[in-house]
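What you are looking at is a predicted structure, and each value in this text was computed from that prediction instead of being measured.
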Amino acid sequence: MSKQELVVLGQDDDSGTCRPGLVAAPLGDGQAAELARLFKALGDPVRLRLLSMISSRAGGEVCVCDLTPAFELSQPTISHHLKLLRQAGLIDCERRGTWVYYWALPATLDRLADFLRTSSTSGAGA
């Protein structure tokens with residue numbers, strides 16, 4: 001085990017998290033691959049909008065029937081984008097009768113936020 005893996009991160013900030021942020025420590029190969037997969041899923045405007053619509057929905061979930069009309073895309077195309085978000089672990093779903101309901105996975109979103117968050121004590125400019 002390298003010394004870098006033994007460093008306890010997050011003690012100098014108020015977040016209370018031990019997950020490495022962008023400026024806290026260099027990423028290892030596995031961490032970089034996992035985060036790249038998440039960012040790749042978000043690298044399309046339609047998927048980014050879908051995630052935003054799902055995450056901001058009151059009650060925490062939304063029916064696919066409410067998502068599709070917001071886009072000038074076919075239902076199969078919307079389903080494809082939702083499938084990619086699910087495969088990345090950003091959302092999950094459940095079929096209820098004819099419809100499928102989607103919700104965001106907060107742990108994954110928190111992980112992305114933690115990675116992007118910079119500490120004001122890190123010396124990085126704004």
Side-chain angles (χ1 to χ4, degrees):
M1 201 176 251
S2 72
K3 289 181 184 177
Q4 192 174 45
E5 292 173 341
L6 297 174
V7 174
V8 177
L9 301 172
Q11 291 184 347
D12 295 331
D13 62 15
D14 295 328
S15 69
T17 181
C18 290
R19 290 178 263 190
L22 183 61
V23 297
L27 289 175
D29 289 342
Q31 292 170 316
E34 177 63 22
L35 285 168
R37 184 176 63 87
L38 295 173
F39 284 115
K40 184 176 180 180
L42 293 174
D44 182 277
V46 171
R47 290 192 291 272
L48 198 53
R49 283 188 60 208
L50 283 167
L51 181 63
S52 175
M53 291 172 71
I54 293 166
S55 298
S56 64
R57 185 62 162 230
E61 64 181 27
V62 61
C63 178
V64 70
C65 63
D66 295 325
L67 296 171
T68 306
F71 299 91
E72 292 184 14
L73 299 169
S74 68
Q75 184 276 326
T77 301
I78 296 297
S79 292
H80 171 73
H81 286 296
L82 290 166
K83 175 184 164 186
L84 293 175
L85 290 171
R86 273 192 73 217
Q87 288 174 339
L90 292 161
I91 63 172
D92 205 355
C93 67
E94 176 182 77
R95 179 173 294 280
R96 298 179 195 158
T98 305
W99 301 110
V100 179
Y101 288 79
Y102 290 89
W103 59 89
L105 296 175
T108 306
L109 299 178
D110 288 345
R111 190 162 163 234
L112 286 171
D114 288 344
F115 172 72
L116 293 172
R117 189 173 292 117
T118 59
S119 169
S120 60
T121 61
S122 67

All side chain to side chain contact (heavy atoms under 4.5 Å, CB included) counterparts of Ser79, not counting sequence neighbours: Gln75
Does either side chain, that of Thr77 or that of Ser74, offer a donor lying less than 3.5 Å from an acceptor on the other one? yes
Do [X] side-chain atoms and [Y] backbone N/O form a donor-acceptor pair below 3.5 Å?
X	Y	value
Arg57	Val62	no
Arg37	Gln87	yes
Glu34	Gln31	no
Ser56	Ser52	yes

Going by heavy atoms in the side chains, are [X] and [Y] under 4.5 Å from each other?
X	Y	answer
Arg86	Asp92	yes
Lys40	Leu84	no
Leu112	Phe39	yes
Leu105	Ile91	no
Met53	Tyr102	no
Cys93	Leu82	no

Short N-O contact, Arg117 and Asp114, less than 4.0 angstrom: yes
In terms of heavy-atom contacts, Trp99 and Cys63 come closest through CB-SG, 3.5 Å
Set out, in order, the CA-CA distance, both residues' side-chain angles and the distance that settles side-chain contact (heavy atoms from CB on, under 4.5 Å) for Leu67 and Ile54, then state yes or no. CA-CA 8 Å; Leu67 296 171; Ile54 293 166; 4.1 Å; yes
If you draw the axis of the six-membered ring of Tyr101, does the NZ or CZ of Arg95 fall within 45° of it and under 6.0 Å from the ring centre? no
